[in-house]
2 protein chains.
Amino acid sequence: MDVRRLDLLRELAERGSVTAVAEATGRTPSAVSQQLKVLEREAGAPLTERSGRGIVLTSAGHALARSAADVAIALARADAVWDEFRNDASGEVTLLTFPTIGATMLPAVLSELRQVPGLVVRATDFDPELAEFAELTADYDIVLAHTMPGVLPWGGRGLRVVPLLTEPLDIGLPATHRLAGRSHLTASDLVEETWLGVPPGFPFERILHAIEQQGGRRVEIAQRFSDMRIVEAFIQAGFGVAFVPRYTSGALPPDLVLKPLRGVPSARQIVALVRPDVAERLAVRTVLDVLVAKAAELGAGTGAGAGAGAGAGAGAAAS
Amino acid sequence: MDVRRLDLLRELAERGSVTAVAEATGRTPSAVSQQLKVLEREAGAPLTERSGRGIVLTSAGHALARSAADVAIALARADAVWDEFRNDASGEVTLLTFPTIGATMLPAVLSELRQVPGLVVRATDFDPELAEFAELTADYDIVLAHTMPGVLPWGGRGLRVVPLLTEPLDIGLPATHRLAGRSHLTASDLVEETWLGVPPGFPFERILHAIEQQGGRRVEIAQRFSDMRIVEAFIQAGFGVAFVPRYTSGALPPDLVLKPLRGVPSARQIVALVRPDVAERLAVRTVLDVLVAKAAELGAGTGAGAGAGAGAGAGAAAS
DNA sequence: ACTGAGGATGTAGCATCGCTACATGGATGT
DNA sequence: ACATCCATGTAGCGATGCTACATCCTCAGT
């Protein structure tokens, strides 16, 4: 049972096609196919079977791929222990962020990480639909994701989920709005309003549904944007009200006010998603630690607590 | 960090010399040396340093070797999971036994294991001194060892210790002996006797010291044998008394009687020693399970309990 | 039904890598 | 001083894993 071959099987389980594995590992599909064939011969049982144009893993294949993941973890841990021993957190860590947190928290995180010699963080932004977050861990070491509390559609995949922040979602209003003087708002205040929503499939939607349910009627959604900057601009311009995350919106324009929502739990959970094997890498854990710490600062600044285990070392976070 | 190279380092940590690793892995010393050199280059720090004719691991080398052991465990576990999946416990398991248990328990164990298709057990006997047991795990998958309760000189090495049996050590007397009618004996009964001992360094010695201490004088040791057959023959012939293990002596000659000792704890602990990585192998675990079960039968037959966790699956035993 | 695209898998050849065989050099013990 | 033991260099060979190219199969679109 060669490790490199097992690793290929693990990749196949994650990516689903020989071609994808080949691309991801910088080989030709032929090479991957050959190695899988050898592995199959060594294992003594069929691991894949054809399905339409592609292939799928047999149950035996899945079983073996699971073990392969454990091996990958052990191997990554060995690397990590070694890097710790040498106190060397160098290496490249790829990170995918969604826009809001990328704008507010990431600069501080990266500037702190610049202190670590040899550590290179490559960050990119992208605002995927909820379901896609997990898939992206195949291509990025750390994926920052946001979702509603209690809704964790990943995790079944064996991903490590590091909680960063539980962030309240306030209601953004123009300073001139009739509700702008209130200390807080309720569902019934808001069902009359025109809303700026998010594209279908994005996390915020559920809360709006809760408001509709409690307010007793459907709200009108005038526009749908995923980019907060645009939303803020539209709020200012009087096109409607919208959810605005309390901490990660950065400096708000003076004519835009945030009001907490009462009676409807409105918060988003911000987490980092990491594949368990890459979570072992010292460089990755270093980045995660700083993320957790900075997120805690952000949350502590206004009183609301961060997710959990801030500063406790992300390596110890549950799966 | 290549796994094969890490494995070589692990072997080096265990065996202590390049030549020994080369022999054990069926290569030339040159090949081993080259691979270690490459590993060192990859790791970026010296792993070994010369010491006289040979080499020793640096502290960095030890650290990495420890991780290498973890990787080996994960890899062996992957194999085991796979074998379980296929319900295939085939493979060769080498086993080293000391004489008494080899004569009484092993035949039953091996005949039961003959039922398992593809499983080949190669057993050898050898009665090493206490300290050597651990070293032998480098060359044998399972090493049956005996020691006094509480004395576990191994374990620090990271070996898995599977308890099989706690066996009382009775006093063997000729049927014609003045003490042969007693239901049990005490230290003071025995200090007057001429003894048949074991060679220095063998486990039984400590109990004899305890008897001397409680009896208030030194006993006379006429002969020293490690082989129980010889001891029994000498007891019969009236040369002295000796410790005789209660369960593992097989069919005793009619003119030899066993009397329990009171007041001095006299028992030996029989355990199986296994390297943690080979302990993961399904074939090895299968053999261990049968060993544990048969040992429990042996102990239960006369009322005294076996060590612990009989039949609970040896894989779960503590390290 | 025909055709093109996408995906897996064979075949031949080539480069890399890990091994052996042999030689070298330092440390040890007689 | 010499023989011995052990680690380590060097040259060369063979296995192994890759690429390039070709083939086959399935699905989708016209």
Side-chain angles (χ1 to χ4, degrees), chain A residues 1-58 60-62 64-65 68 71-72 75 135 138-139, chain B residues 1-58 60-62 64-65 68 71-72 75 135 138-139:
Chain A
M1 290 275 202
D2 184 64
V3 187
R4 294 167 29 94
R5 287 192 253 270
L6 280 176
D7 215 50
L8 246 37
L9 183 68
R10 186 181 60 75
E11 290 277 1
L12 181 63
E14 259 170 24
R15 308 191 121 90
S17 88
V18 173
T19 310
V21 174
E23 267 172 32
T25 60
R27 283 185 262 248
T28 57
S30 179
V32 174
S33 181
Q34 287 172 50
Q35 293 309 310
L36 288 174
K37 174 133 293 221
V38 175
L39 180 63
E40 202 163 271
R41 214 168 41 73
E42 285 175 344
L47 300 174
T48 63
E49 56 189 11
R50 310 203 59 135
S51 159
R53 291 196 257 223
I55 57 171
V56 290
L57 290 184
T58 61
H62 273 114
L64 195 56
V71 173
L75 206 46
E135 328 245 323
D139 296 311
Chain B
M1 290 272 204
D2 184 64
V3 187
R4 292 165 31 94
R5 286 192 254 270
L6 280 177
D7 214 52
L8 246 39
L9 183 68
R10 187 181 59 77
E11 290 276 1
L12 181 64
E14 259 169 25
R15 307 192 123 90
S17 89
V18 173
T19 311
V21 173
E23 267 172 31
T25 60
R27 283 184 262 247
T28 57
S30 179
V32 174
S33 182
Q34 287 173 50
Q35 293 309 310
L36 287 174
K37 173 131 295 220
V38 174
L39 180 64
E40 202 164 270
R41 213 168 40 75
E42 285 175 344
L47 300 174
T48 62
E49 55 190 12
R50 312 203 58 135
S51 160
R53 288 197 261 223
I55 57 171
V56 290
L57 290 184
T58 61
H62 274 114
L64 194 55
V71 173
L75 206 45
E135 327 246 324
D139 296 311

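Lettering follows sequence order; numbering is per chain, from 1.
In this structure, B/Leu57 atom CG and D/dA7 atom P are separated by 12 Å, rounded to whole Å. When rounded to the nearest whole Å, the span between CD of B/Glu11 and P of D/dA7 equals 14 Å. Rounding to whole angstrom units, CZ of residue A/Arg4 and C1' of C/dC17 are separated by 11 Å. Rounded to a whole Å, the CG atom of B/Asp2 is 7 Å from the P atom of C/dG18. Atom P of nucleotide D/dT8 and atom CG of B/Leu8 are separated by 12 Å, given to the nearest angstrom. One interatomic measurement links the two molecules: CG of B/Leu47 to P of D/dT8, which rounds to 11 Å at whole-angstrom precision. Put simply, CZ on B/Arg53 is 15 Å from P on D/dA3, counting in whole angstrom units. D/dT19 atom P lies 13 Å from atom CD of A/Glu23, rounded to whole Å.
Put simply, OG on A/Ser30 and CD on A/Gln35 are 10.0 Å apart, with the number rounded to the nearest 0.5 Å.
Here B/Arg50 does not reach the OP1 or OP2 of D/dC6: none of its side-chain N or O atoms lies under 4.0 Å away.
Here A/Asp7 does not pair with A/Arg4 in a salt bridge; the nearest charged N to carboxylate O distance is not below 4.0 Å. A salt bridge links A/Glu42 to A/Arg5: at least one charged side-chain nitrogen sits closer than 4.0 Å to a carboxylate oxygen.
The shortest side-chain heavy-atom distance between B/Glu49 and B/Ile55 does not fall under the 4.5 Å cut-off. A heavy-atom distance below 4.5 Å is found between the side chains of A/Leu12 and A/Thr48.
With A/Ser33 contributing its side chain and A/Pro29 its backbone, the two residues share no donor-acceptor pair below 3.5 Å.
Interface residues of residues 26-40 of chain B facing DNA chain C, ordered by number: B/Gly26, B/Arg27, B/Thr28, B/Ser30, B/Ala31, B/Gln34, B/Gln35; criterion, heavy-atom separation under 4.0 Å.
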